[in-house]
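Since the structure is predicted, the reported quantities are computational estimates derived from the model, not experimental observations.
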Amino acid sequence: MKKIILSNILLVLFFIGCSSSSVEYTPAVIYLKAPEAVIINGNNKTYFEFAVSDLNELEGTINLIVTDSSGNKLLDKKLEKLLFSTDGTVISFYSDKINTSDKLNFNFKVCNTENLCREQSFTGIEINTASQSDEIDIKGKLISDNDSYGISIHLSSMINSIALDDNGNFSIDNINSGKYDLYTKGKELKNGFYRYIYLKYINFNKSTNIFLYIPIDENEEYDEPLVNCSYSSGNKNTIYMVFFMIFMFVILRKNEKR
């Protein structure tokens, strides 16, 4: 009976010493359309459009800084209280006209309410000055963490997936302007997976350039906690717990010899 009681105590102490933790999936900007020069109510504006994915599906904030190639700040925008979805939340806004013919650099910092943040950069993007047209071309680039471009990209009007070259570039030519679903099919890797995205009703009314980033995440269920039993954190309570477990083990051994 003593052995059973002591064994149960050791088992309980072991699980108390373990802490429950989760894989930290961070939100990410997964889609960016080249900013557009537009006229709204007779005023020259710049239109911005991008999308954010968060496997946690939490509310969050976005800090966006746009600079030219010399590092001059052209836009500093903060967006708050946005709900990020797993498939991707499309976000858009207008700003005053950006007066430059230079290529732009976009620097994003996206955080959710659990303070999980990701910083990203998209560089060398030109302002789109094309006019609206009934027939358009879309030029795109897939940005990859591992220099692999095996992701399957689809547009709702196309039967087959969009073909990418060895550098992640792609082209969709001579399609009707209008609203399209843009999505990718997730792909499993040895130690992770490409995140699946599904953006609905993206409006393409003029020829444009788009940029896609598909995060590679750890191969764990993102809604399933992990058990962390590492005792190297330096936490005093954990250290005391380990010594107590050793002490109880010694007592157990002595009782067995009797």
Would Asp134 and Asn176 satisfy side-chain contact (heavy atoms from CB on, under 4.5 Å), going step by step from the backbone distance to the final call? CA-CA 6 Å; Asp134 292 334; Asn176 294 328; over 6 Å; no
For the [atom1] atom of [X] and the [atom2] atom of [Y], what is their distance to the nearest 0.5 Å?
| X | Y | atom1 | atom2 | result |
| --- | --- | --- | --- | --- |
| Glu188 | Tyr194 | CD | OH | 13.0 Å |
| Asn105 | Lys73 | CG | NZ | 13.5 Å |
| Arg195 | Thr86 | CZ | OG1 | 8.0 Å |
| Ile91 | Phe48 | CD1 | CZ | 14.0 Å |
| Ser121 | Tyr213 | OG | OH | 11.5 Å |
| Thr208 | Glu36 | OG1 | CD | 5.5 Å |

Is there a side-chain contact (heavy atoms from CB on, under 4.5 Å) between Thr89 and Leu83? Walk through the geometry before answering. CA-CA 8 Å; Thr89 300; Leu83 182 60; 5.8 Å; no
Under the side chain to side chain contact (heavy atoms under 4.5 Å, CB included) test, which residues partner Glu135, sequence neighbours left out? Asn174
Among residues at least two apart in sequence or on other chains, which ones pass side chain to side chain contact (heavy atoms under 4.5 Å, CB included) with Asn209?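 Testing Asn209 for side chain to side chain contact (heavy atoms under 4.5 Å, CB included), a comparison that skips the adjacent residues, returns Ala34, Lys139, Phe211.
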If you define the side chain from C-beta out and look only at heavy atoms, does anything of [X] sit under 4.5 Å from [Y]?
| X | Y | value |
| --- | --- | --- |
| Ile216 | Phe193 | no |
| Pro35 | Ile125 | yes |
| Phe106 | Gln120 | no |
| Ile175 | Ile138 | yes |
| Tyr183 | Leu155 | no |

Is [X] linked to [Y] within one hydrophobic cluster, defined over Ile, Leu, Val, Met, Phe, Trp and Tyr using a side-chain heavy-atom separation of less than 4.5 Å?
| X | Y | value |
| --- | --- | --- |
| Phe122 | Ile127 | yes |
| Ile143 | Tyr31 | no |
| Phe84 | Leu55 | no |
| Leu75 | Val29 | yes |
| Leu32 | Tyr180 | no |

Pairing residues for Phe50 by the ring-ring contact (aromatic ring centres under 6.0 Å, His included) criterion, not counting sequence neighbours: Phe108
Verify the distance criterion only: is there a donor paired with an acceptor across the side chains of [X] and [Y] at less than 3.5 Å?
| X | Y | answer |
| --- | --- | --- |
| Ser85 | Asp87 | no |
| Ser156 | His154 | no |
| Asn56 | Asp54 | yes |

For Tyr94, the rest of its hydrophobic cluster, which grows through side-chain links under 4.5 angstrom: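 Answer for Tyr94: Val38, Ile40, Tyr47.
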Who are the side-chain hydrogen bond (donor to acceptor under 3.5 Å, both in side chains) partners of [X], not counting sequence neighbours?
| X | result |
| --- | --- |
| Lys78 | none |
| Thr46 | none |
| Asp68 | Asn72 |

State, to 0.1 Å, how close Leu79 and Leu82 come at their nearest heavy-atom pair, and which atoms those are.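 Closest approach of Leu79 to Leu82: CB-CD1, 3.7 Å.
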What's the shortest heavy-atom distance between Gly88 and Ile30, and which atoms?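 Scanning both residues, the minimum pair turns out to be CA-CD1, 3.9 Å.
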Stepwise side chain to side chain donor-acceptor pair (under 3.5 Å) test for Tyr25 and Glu218: CA-CA 8 Å; Tyr25 293 101; Glu218 292 183 48; over 6 Å; no
Any cation-pi pair here, Lys77 with Phe93, using under 6.0 Å and within 45°? yes
Taking atom CG of Asn43 as the centre, does the number of heavy atoms from other residues, nucleotides or ligands within less than 6.0 Å exceed 12? yes
Pair up each side-chain donor or acceptor in residues 95-104 with any protein partner under 3.5 Å, not counting sequence neighbours, and list the distances.
{"from": "Asp96", "atom 1": "OD1", "to": "Lys45", "atom 2": "NZ", "distance (Å)": "3.4"}
{"from": "Thr100", "atom 1": "OG1", "to": "Asp102", "atom 2": "N", "distance (Å)": "3.0"}
{"from": "Asp102", "atom 1": "OD1", "to": "Ser69", "atom 2": "OG", "distance (Å)": "3.2"}
{"from": "Asp102", "atom 1": "OD2", "to": "Ser69", "atom 2": "N", "distance (Å)": "3.1"}
{"from": "Asp102", "atom 1": "OD2", "to": "Ser69", "atom 2": "OG", "distance (Å)": "2.5"}

Using residues 58-66 as the side-chain source, report each donor-acceptor pair under 3.5 Å to any protein atom, sequence neighbours left out, with the distance given to one decimal.
none

Is there any disulfide bond (SG atoms under 2.5 Å apart) pair reaching into residues 103-174, and which pairs are they, with sequence neighbours excluded?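 Non-adjacent pairs meeting disulfide bond (SG atoms under 2.5 Å apart): Cys111-Cys117.
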Can you tell me which residue pairs pass the disulfide bond (SG atoms under 2.5 Å apart) test with a partner in residues 30-94, sequence neighbours excluded? none
Evaluate side-chain contact (heavy atoms from CB on, under 4.5 Å) for Leu74 paired with Thr67, printing each intermediate quantity in order. CA-CA 5 Å; Leu74 304 176; Thr67 60; 5.7 Å; no
Only distances under 3.5 Å count here; give the side-chain donor-acceptor pairs of residues 196-207 to other protein atoms, sequence neighbours excluded, each with its distance to 0.1 Å.
{"from": "Tyr198", "atom 1": "OH", "to": "Asp181", "atom 2": "OD2", "distance (Å)": "3.4"}
{"from": "Lys206", "atom 1": "NZ", "to": "Ala130", "atom 2": "O", "distance (Å)": "3.3"}
{"from": "Ser207", "atom 1": "OG", "to": "Asp137", "atom 2": "N", "distance (Å)": "3.0"}

When you measure from the side chain of Arg118 to the backbone of Pro27, do you find a donor-acceptor pair of N or O atoms at a distance under 3.5 Å? yes
Would you please test Ile210 and Leu182 for side-chain contact (heavy atoms from CB on, under 4.5 Å) and show each step? CA-CA 11 Å; Ile210 63 174; Leu182 179 66; 4.2 Å; yes
